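On a predicted model such as this, the values are computed, not experimentally measured, just so you know. So you know, we letter chains A, B, ... as the sequences are listed, proteins then strands, and number each from 1.
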Amino acid sequence: MGRSAVTARIQRAFFDRPTRRVARELLGTTCWVRGGAGVRSVRIVETEAYVQDDPANHAYRGPTRRNRSMFERPGTLYVYRIHQVVCANVVTRPGEAVLLRGGAPLGGLEGSGSGPGRLCRLLGVNIHDDGIDTVRGSRIGFAPCADRVGRIRIGPRVGVSRATERRLRYFVDGDRAVSRPRRSSALT
DNA sequence: GAAAAGATTACCT
DNA sequence: GGTAATCTTTTCC
């Protein structure tokens with residue numbers, strides 16, 4: 001990279017599009033988090049779309065205290081807690097969002113970014129980041145895809161107990177940071 | 001006010 | 001492959 005580390009930032013119009021398209025096009029982008037110890041970043045390699053009329057969507061039954069961030073502007077971060085870990089989403093259209101499921105560490109960052117909980121732990125994302133703006137905020141942002149993305153594949157979502165047949169999961173084929181269903185060894 | 005479920009992960013046998 | 005950990009939100013009585 002001959003230029004500065006962050007050459008550009010993904011704007012709000014990127015997120016204000018159909019959720020499945022955003023989920024697919026987030027693959028290969030860089031997600032950075034500015035913390036006390038510096039900036040941590042990963043290359044996004046796995047996402048899942050949560051859309052309307054989707055029983056697995058936290059916003060399926062409308063706004064609640066937990067999911068209020070999902071009704072904020074496109075590009076807003078929706079962070080929720082599940083068991084003892086947190087997961088991060090980016091809001092697209094009202095009540096819809098993209099779950100960040102896998103990221104490959106960049107810039108010497110060490111650890112595993114495979115899985116939504118591990119990804120948040122790697123980046124240092126916590127529950128207090130819920131509701132922040134990734135477009136204008138200084139804490140977390142996305143940079144456009146710099147280099148070529150591998151083959152993109154689509155498959156069933158992981159971990160959800162409803163609407164499991166829907167193919168709303170996008171991932172870069174063969175990337176190490178992609179989580180896999182525990183079910184079988186068969187590649188989707 | 002109480003009980004159940006959950007977009008997970010780590011560790012057990 | 002199966003289950004416990006762990007705790008907040010949601011839902012029901």
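C:dT10 is paired with B:dA3 under the criterion used here, namely a Watson-Crick or G-U wobble arrangement in which both key atom distances are under 3.5 Å.
Here the nucleotide nearest the side chain of A:Thr64, chosen from C:dT6, C:dC7, C:dT9, is C:dT9. Closest contact between the side chain of A:Ile82 and the listed nucleotides B:dA7, C:dC7, B:dG6 involves B:dG6. Residue A:Arg66 places its side chain closer to C:dT10 than to any other of C:dT10, B:dA7, B:dG6.
Taking the 5.5 Å centre cut-off and the 30° plane limit, the aromatic side chain of A:Tyr80 is not classed as stacked on B:dA7.
Enclosure of atom CZ in A:Arg20 is not indicated, since only 12 or fewer non-hydrogen atoms of other residues, nucleotides or ligands lie within 6.0 angstrom. Counting heavy atoms of neighbouring residues, nucleotides and ligands inside a 6.0 Å radius, atom CZ of A:Arg17 exceeds 12 of them.
Following rounding to the nearest Å, A:Arg118 (CZ) and B:dA10 (C1') show an atom-to-atom distance of 9 Å. Following rounding to the nearest Å, A:Asp130 (CG) and C:dT9 (P) show an atom-to-atom distance of 10 Å. The CG atom of A:Leu100 sits 13 Å away from the P atom of B:dT8 (whole-angstrom rounding). We find that OH of A:Tyr50 is positioned 11 Å from C1' of B:dG6, with the value rounded to whole Å. Taking atom CG on A:Leu168 and atom C1' on B:dA7, their separation rounds to 12 Å, with Å as the unit. Between the CZ atom of A:Arg81 and the C1' atom of B:dT8 there is a distance of 12 Å, given to the nearest Å. In this structure, A:Tyr78 places its OH atom 11 Å from C1' of B:dG6, rounding to the nearest Å. We find that CZ of A:Arg61 is positioned 13 Å from P of B:dA7, with the value rounded to whole Å.
Each of A:Ser161 and A:Pro116 has a nearest nucleotide on DNA chain B; the 5'-most of these lies closest to A:Ser161.
Neither OP1 nor OP2 of B:dT9 sits under 4.0 Å from any side-chain N or O of A:His83. The phosphate of B:dA7 has neither OP1 nor OP2 within less than 4.0 Å of any side-chain N or O from A:Arg162.
Taking atom C1' in both C:dG1 and B:dA7, the straight-line distance is 22 Å, to the nearest Å.
Distance alone, capped at 3.5 Å, places no donor-acceptor pair between the A:Arg153 side chain and the A:Asp173 backbone. Here the side chain of A:Glu25 pairs no donor or acceptor atom with the backbone of A:Ala23 at under 3.5 angstrom.
Contact check for A:Val135 versus A:Ile10: no side-chain heavy atoms found under the 4.5 Å cut-off.
Residue A:Arg68 is classed as having no contact, given no heavy-atom separation below 4.0 Å to the nucleic acid. The residue A:Gln84 sits close to a base: some heavy atom pair falls under 4.0 Å.
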